[in-house]
Amino acid sequence: MSAILEGTPDKRLVLVTGRAYPELAEKVAECLGTEILETTAYDFANGEMYVRFAEPVRGADVFVLQCHSGDINKWIMEQLIMIDALKRASAKSITVVAPFLGYSRQDKKHRGREPITARLIFDLFRAAGADRIMTVDLHAAQEQGFFDGPVDHLTAMPVLLDYVRSAVDLSNATIVSPDAGRIKVSEQWAAKLGNLPLAFIHKQRDITRPNHAEAHGIIGDVDGRDCVVVDDMVDTAGTICEAVRTLNESGAKSVTLVATHGLLSGPAVERLKNCGAHEIVFMDTVPVPEEKRLPNMTVLSVAPLLAAGIRSVFEEGSVATLLEGLPEDMRPRNIYA
C-alpha cells in the first residue's frame, strides 16, 4: 500500500500528521485506503521543533492533520511548521485538518483590551501557507469568516444523532440547550429527532473567571423526561455538570450529555463521575485516554467523517452533503473510538 493515494494522473492526495494524536490519523488513512506519509519530527534541546517529510510532495494535494489538545500551543506551532515545509516543497494545495480548532472559544471581545484569538489562529495558518481549513463543530459557525479562503465546517451531528436514536427513548425525550447560545443547534437536534420538545438552561457566565457559569433556572418542561443535553465541548465540566444537577433537581427522569469535543481538563473527569448523568457521549476529535473514560462514557470515532470530508475536497465534490450523514461506504466503519 502506498503512502500516496493516486487520483487522476495530475492529482495526488497526501495525508500527513503531527505528533499530537497520530492514532486518529491512522484511522483516517485506513478509511481512505492510503497510508500516512512518513515524517521526521523532533524537538531540539531548547524546545524548538524540526519537521521533514520523507517523500516528495511536489504537485500534491496535502492534508495536514493535527489535534489541538494537551500541549495545545506546541501542537499548533508544529502544524504551522509542517505547513511551511510543505509550501517550500511545492505542494499544490495545503489543507489544515484540525478536528478541534484551538482557541475557537475566543471569537469575540467581551471587554476592552482583549484579543480575538480565534482570528489570530486563522491568520497564522494563512500566513504559513494553508489554502484551506477543515474542522469539526466550531464554537461559533461564523468564525469561518476569519479565514481568507475555503473553510469546510464539518459537523458531528449526524453521527451523534444516529447514536442517540439507538440509545435514548425518544418517545419521552426532551432536547436541552445548556445555554442560550446553543439554542439554534438544539432546535436542529429536536427537529431531526422528530420535533422533540425543547428546553434550555438560563445561565450567567462570569467573564472575569474562565470556565465558570451559574445556572439560574430552566425554560421548558423537563419533569419526568429523558433529557439530552447538547453542547460543542466539555472542558473542565463545571458548567455542564451544574446543568445536569439542575435538570435532576427539576425532576428529569434521566440526563444524557452529548458533546463533540471532550477536552476533559483538570477536574473534569471527577466532576462528570459525580454529576448524575445517565450517559456521556463524545467524539474523539481529541484523545480521550482510557484513564479518563468512565463506565457510562461512550466515545465515537470521528475518523469516517474526516475521511469523507478529505475525499470530497480531493475529488472536488460537495462537502455539504455530509451535513445529512456519512456516505454509504463510510457507515459500516466502527463507530466507536
Side-chain angles (χ1 to χ4, degrees), residues 21 67-72 99-106 136-137 139 156 160 163-164 167-168 173-183 185-186 189 199-220 222 225-300 302 336-337:
Y21 191 14
C67 290
H68 300 170
S69 64
D71 194 348
I72 184 172
F100 168 70
L101 187 71
Y103 291 95
S104 64
R105 278 177 290 189
Q106 300 183 45
V136 182
D137 287 337
H139 187 62
L160 293 169
Y163 181 81
V164 168
V168 178
T174 294
I175 302 299
V176 180
S177 173
D179 54 47
R182 301 294 295 174
I183 289 179
V185 173
S186 298
W189 270 75
F200 82 90
I201 297 173
H202 175 243
K203 73 179 183 183
Q204 186 171 0
R205 185 174 296 278
D206 186 346
I207 61 174
T208 66
R209 299 170 62 189
N211 301 104
H212 181 80
E214 294 183 359
H216 293 295
I218 299 172
I219 299 175
V222 299
R225 307 287 294 179
D226 293 305
C227 296
V228 180
V229 182
V230 181
D231 211 347
D232 62 327
M233 70 176 75
V234 174
D235 191 359
T236 60
T239 56
I240 201 71
C241 288
E242 185 176 354
V244 175
R245 285 191 289 270
T246 302
L247 289 167
N248 285 329
E249 290 169 1
S250 300
K253 181 181 177 182
S254 70
V255 181
T256 299
L257 295 181
V258 181
T260 302
H261 312 294
L263 306 184
L264 305 183
S265 305
V269 174
E270 191 65 25
R271 287 172 172 174
L272 290 170
K273 181 180 179 180
N274 300 315
C275 73
H278 172 69
E279 187 175 9
I280 304 159
V281 184
F282 296 130
M283 303 295 293
D284 68 335
T285 54
V286 297
V288 184
E290 287 299 325
E291 60 268 22
K292 290 189 176 183
R293 299 196 183 196
L294 299 171
N296 63 337
M297 184 182 293
T298 300
V299 183
L300 305 177
V302 76
Y336 298 102

Asks: Check for a donor-acceptor pair, side chain of Asp284 on one end and backbone N or O of Val286 on the other, with a separation under 3.5 Å.
Replies: no

Asks: Roughly how far, to the nearest 0.5 Å, is NE2 of His278 from CG of Asp226?
Replies: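 Asp226 atom CG to His278 atom NE2 measures 8.0 Å (nearest 0.5 Å).
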
Asks: Taking side chain as C-beta onward, heavy atoms only, is Val176 less than 4.5 Å from Ile201?
Replies: yes

Asks: Give me the atom names and distance for the closest heavy-atom approach of Val288 to Gly262.
Replies: CG2-O, 4.1 Å

Asks: Closest approach of Ala199 and Gly220, non-hydrogen atoms and distance?
Replies: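 For Ala199 and Gly220, the tightest heavy-atom pair comes out as CB-CA, 3.9 Å.
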
Asks: Would you give the length of the straight line joining atom SG of Cys275 to atom CD1 of Ile240, rounded to the nearest 0.5 angstrom?
Replies: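 The distance works out to 9.0 Å.
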
Asks: Apply side chain to side chain contact (heavy atoms under 4.5 Å, CB included) to residues Val244 and Thr246 and explain how you reach the verdict.
Replies: CA-CA 5 Å; Val244 175; Thr246 302; over 6 Å; no

Asks: Report yes or no: do Thr174 and Arg225 form a side-chain donor-acceptor pair below 3.5 Å?
Replies: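 Present: a donor and an acceptor within the cut-off.
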
Asks: What distance do Ile218 atom CD1 and Cys227 atom SG have between them, rounded to the nearest 0.5 Å?
Replies: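 Reported value, rounded in 0.5 Å steps: 7.5 Å.
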
Asks: Measure the shortest side-chain to side-chain distance between Thr298 and Tyr163 over non-hydrogen atoms and say whether it is less than 4.5 angstrom.
Replies: yes

Asks: How long is the span from the CZ atom in Arg182 to the CD1 atom in Ile175, to the nearest 0.5 Å?
Replies: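 If we round to the nearest 0.5 Å, Arg182:CZ and Ile175:CD1 are 12.5 Å apart.
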
Asks: Please examine the side chains of Thr260 and Leu160, heavy atoms only from C-beta on, and report whether any two atoms are closer than 4.5 Å.
Replies: yes

Asks: Identify the heavy atoms of Gly276 and Asn248 that sit nearest to each other, and give their distance.
Replies: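 That would be O-ND2, 3.6 Å.
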
Asks: Counting C-beta onward and ignoring hydrogens, is there a side-chain heavy-atom pair between Arg271 and Thr236 closer than 4.5 Å?
Replies: yes

Asks: Quick check, are the ring centers of His68 and Phe100 under 6.0 angstrom apart?
Replies: no

Asks: So, His202 side chain and Ala180 main chain: donor-acceptor pair closer than 3.5 Å or not?
Replies: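 Checking the backbone N and O of Ala180 against the side chain of His202, no donor-acceptor pair under 3.5 Å is found.
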
Asks: I'd like to know if the side chain of Ser69 pairs up with that of Tyr21 as donor and acceptor (distance under 3.5 Å, no hydrogens or angles considered).
Replies: no

Asks: Do Leu272 and Cys241 pass the side chain to side chain contact (heavy atoms under 4.5 Å, CB included) test, and can you show the C-alpha distance, the side-chain angles, and the key distance before you say yes or no?
Replies: CA-CA 6 Å; Leu272 290 170; Cys241 288; 3.8 Å; yes

Asks: With a 4.5 Å heavy-atom cut-off, do Val258 and Phe282 have their side chains touching?
Replies: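 Val258 does not reach Phe282 side chain to side chain.
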
Asks: Quick one: CD1 on Ile183 to CD1 on Ile219, what's the gap to the nearest 0.5 Å?
Replies: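 Output value for this atom pair is 7.5 Å.
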
Asks: With rounding to the nearest 0.5 Å, note down the distance linking CE in Met233 to NE2 in His139.
Replies: 5.5 Å

Asks: Looking at side-chain heavy atoms only, is the closest gap between Val299 and Met283 below 4.5 Å?
Replies: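 They are not in contact (no side-chain heavy atoms under 4.5 Å apart), so the answer is no.
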
Asks: How about Ile280 and Val234: do any of their side-chain heavy atoms sit closer than 4.5 Å?
Replies: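 Of all side-chain heavy-atom pairs linking Val234 with Ile280, none is under 4.5 Å.
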
Asks: Assess the residue pair Lys273 and Asn296 against the criterion (side chain to side chain contact (heavy atoms under 4.5 Å, CB included)); give the C-alpha distance rounded to whole Å, side-chain angles, the decisive distance to 0.1 Å, and a yes or no.
Replies: CA-CA 9 Å; Lys273 181 180 179 180; Asn296 63 337; over 6 Å; no

